[in-house]
Structures are given as structure tokens and as C-alpha cells.
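Read the structure below first, then the notes.
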Amino acid sequence: MKTRQAIRRVPFQAPTPFDIEVMTIAQLWAMAPPGYLSSPQRPAFHLLVLVTSGSTTHTVDFEEHHLAMGSMLWVRPGRVQVFGEQATGDLVLFQPDFLIPGTHAAGLAGDHGGPVEATGPFEPTRRALRREYTRAAGSGRPTVVQTETLRHLLSLLILELARHAPDPRRPDPTGLDARFRDLLERDFATAHDVEHYAQRLGYSARTLNRATQAATGESPKQAINRRLVLEARRLLAHTDQPVARLARRLGFRDPSNFSTFFIVHTGQSPTAFRATARPAGGS
């Protein structure tokens, strides 16, 4: 199973012959160029942070997560993140399709929700995953048995995290809210109106509103605006693209309309937010 180029080009990611890597936090710090970890990053792979000693703060999509001994944080691909102070522990990086298809763990990996954080008895599984990874990596190219073992151990670690993490979402018996979130993730940059989503899903706007309100407490329009603001903040923090280009990328024909939208929802202009979100000299 070959290493993906998307992982290989990340400065703190050493190439491996398969789609998972386990490294210590200390190894990350030793590999990363000065200032790299304090700058916004947006990796295209999953990241698990497991703290075994000390504490750290990991910022994901501009929200801080304070991790102490026994804590684990799962960050899905595409999230903008900044590493905090160095702690002791492991990092597990894996590709979106590494988990066994059709399993509950793979379903959780495909969720569009935010970071998952919990403190629990993760140490035995962490150690087992590290041992198996070290054994497989030392062999040069993993066997089928080694790859499947890594998949199962990673799945177990994710299921343990899900068991101990609080779930802020309410039941979604019809599944309509989940389908709306999937469609929103696909179309948010091109469709800003509720009617688009309702029509594509085959329901009235009123029915869609009831479903999203019941599941999350927000209306479809609030969800659309929140997703647009989040992507705008990610792009402003992580890219050097001019504001006008970002506006067009997010479906705003007039950059001034985008700026007004951003100010209304954040209280800052796009330029002011970019200046605060990126440290001096960061990339």
C-alpha cells in the first residue's frame, strides 16, 4: 500500500510504505522547521493527539483544546490547526480511507463534525498500536496481516474515544439533518440559499428547518452561514490568496458583499482577521 503524496509533502510527516504513521510528539518537534508548528496548518489526513505526560493546547478551527495526561484529540482532515506547547505522547496520522469500509469507526471518520476530545483509558490500545506500527515499519513493507492489524487497532482506539467523548448532537431519527450536512459540505461554496438544499433533498424548506432545529438547534440558513464563515476563516488564516479571490471561491460575486457578510458574522474585516490569525512570519 503506497504512501500518499498528500501526506508525504507535509514537513513533519516522514514517508512510510502505508497510509498510517505513528510518531512521538517529540519527533514532530524535532522535525518541524522553526515557527512551523505555531503557524496555521491544514492537513489532508486525520490526526490523533494522545498525551501521556504533561499538557498542551491544540487549536482547531480557532478554538483551543486543553489536553492533559490521558487526553486524546481527534482532528479530521481539512481543519485548520495550530500546535501548542510540547507535551509527551504520540501522534497518529492516517489517510481518510485507511479504516475498514462499512465499520462504525469508518463512519465516524467520514463525519463532518468538529474535533472529538476525551480523557479515558486509551493507554493499552495506544501501546499496542505503537508496537504493531513499529514492527510493520521495521519490515520495510507491511504484510496484509500487519495492515489489517493496524486497521483494527486504530478502529479500536477511535471507538474508545467515541465511547468516552460527550456527543453534543441530538438524535436524528429521519437522517434528514445528516443528509443536509453532507450536501452542505459539498455545495456551501456555490449555494447559499435554503431552497437549493431543500429541493435537492426532496423536502420543503419548512420540513428541512424542523429537522435541523431538532437535531442541532440551528436553522438551515444559520448552518449555511456558519459553514461559509468557517471556510472563510480557514482560507484567510491558511492561504495568501487575496480577499477578492477568496470571495469568488466562496460564491460571492462582489468582494464587498463578502466583506460585509464576514464583518456581520465575526465583527472583523477579512483583512483584520487575517492579521490576527497568522503570527508574524507565519505561512
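Keep in mind that the numbers below use all heavy atoms, side chains included, and drop hydrogens, waters and symmetry copies.
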Minimum side-chain heavy-atom gap [X]-[Y] below 4.5 Å:
| X | Y | result |
| --- | --- | --- |
| Leu176 | Arg179 | yes |
| Leu208 | Tyr197 | yes |
| Glu160 | Leu157 | yes |
| Leu129 | Asp90 | no |
| Val82 | Phe62 | no |
| Leu67 | Thr57 | no |
| Leu154 | Ile158 | yes |
| Gln268 | Thr276 | yes |

| request: Give a yes or no on whether a salt bridge exists between Glu231 and Arg227, defined as a side-chain N under 4.0 angstrom from a carboxylate O. | output: yes

| Any ion pair linking Arg181 and Asp177 (charged N to carboxylate O, less than 4.0 Å)? | yes

Minimum heavy-atom distance between [X] and [Y], given as atom pair plus value:
| X | Y | answer |
| --- | --- | --- |
| Val116 | Ala165 | CG1-CB, 3.5 Å |
| Phe45 | Leu93 | CE1-CD2, 3.0 Å |
| Val60 | Pro115 | CG1-CG, 3.4 Å |
| Thr56 | Gly84 | OG1-C, 3.6 Å |
| Leu153 | Thr125 | O-CG2, 3.7 Å |
| Arg42 | His238 | N-NE2, 3.2 Å |

Under a single-linkage definition using a 4.5 Å side-chain heavy-atom cutoff for Ile, Leu, Val, Met, Phe, Trp and Tyr, are [X] and [Y] assigned to the same hydrophobic cluster?
| X | Y | result |
| --- | --- | --- |
| Met72 | Met69 | no |
| Leu108 | Leu156 | no |
| Val80 | Val75 | no |
| Trp29 | Val49 | yes |

Measure the [atom1]-[atom2] distance between [X] and [Y] for me, rounded to the nearest 0.5 Å.
| X | Y | atom1 | atom2 | value |
| --- | --- | --- | --- | --- |
| Gln95 | Ile20 | CD | CD1 | 10.5 Å |
| His66 | Ser55 | NE2 | OG | 10.0 Å |
| His152 | Leu159 | NE2 | CG | 11.5 Å |
| Arg248 | Gln241 | CZ | CD | 9.5 Å |
| Leu184 | His112 | CG | NE2 | 8.5 Å |
| Arg76 | Gln81 | CZ | CD | 12.5 Å |

| said: Test your reading of the model: is there a side-chain donor-acceptor pair from His46 to the backbone of Val92, 3.5 Å cut-off? | reply: no

| query | With distance as the sole test, does Thr216 use its side chain to make a donor-acceptor pair with the main-chain N or O of Gln213 at under 3.5 Å? | reply | no

| said: Between Phe180 and Tyr203, is the ring centroid distance below 6.0 Å? | reply: no

| request: Could you walk me through whether Ile25 and Thr88 pass side-chain contact (heavy atoms from CB on, under 4.5 Å), step by step? | output: CA-CA 6 Å; Ile25 296 175; Thr88 301; over 6 Å; no

| Worked verdict on Tyr36 versus Met31 for side-chain contact (heavy atoms from CB on, under 4.5 Å) | CA-CA 10 Å; Tyr36 179 83; Met31 291 172 155; over 6 Å; no

| Arg126 and Thr52 side chains, donor-acceptor separation under 3.5 Å |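 Result is no, nothing qualifies.
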
| said: As a quick check of understanding, evaluate side-chain contact (heavy atoms from CB on, under 4.5 Å) for Phe262 and Leu236, giving each step before the final call. | reply: CA-CA 11 Å; Phe262 193 83; Leu236 288 165; 3.7 Å; yes

| side-chain hydrogen bond (donor to acceptor under 3.5 Å, both in side chains) partner of Asp240, the single match among Arg278, Arg274, Arg245 |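 Result for side-chain hydrogen bond (donor to acceptor under 3.5 Å, both in side chains) with Asp240: Arg278.
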
| Should Asn225 and Phe261 be marked as a side-chain contact (heavy atoms from CB on, under 4.5 Å) after you check the CA-CA gap, both sets of side-chain angles, and the distance that decides it? | CA-CA 9 Å; Asn225 289 343; Phe261 171 85; 3.6 Å; yes

| Using the ring of each side chain (for Trp, its six-membered ring), is Phe122 parallel, tilted or perpendicular to His164, with breaks at 30° and 60°? |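 Perpendicular.
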
| message | Tell me whether the rings of His58 and Phe83 are parallel (<30°), tilted (30 to 60°) or perpendicular (>60°). | response |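 Taking Phe83 first and then His58, their aromatic rings stand perpendicular (interplane angle over 60°).
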
| message | Just to verify, what does Arg233 make a salt bridge (Lys or Arg N to Asp or Glu O under 4.0 Å) with, not counting sequence neighbours? | response | none

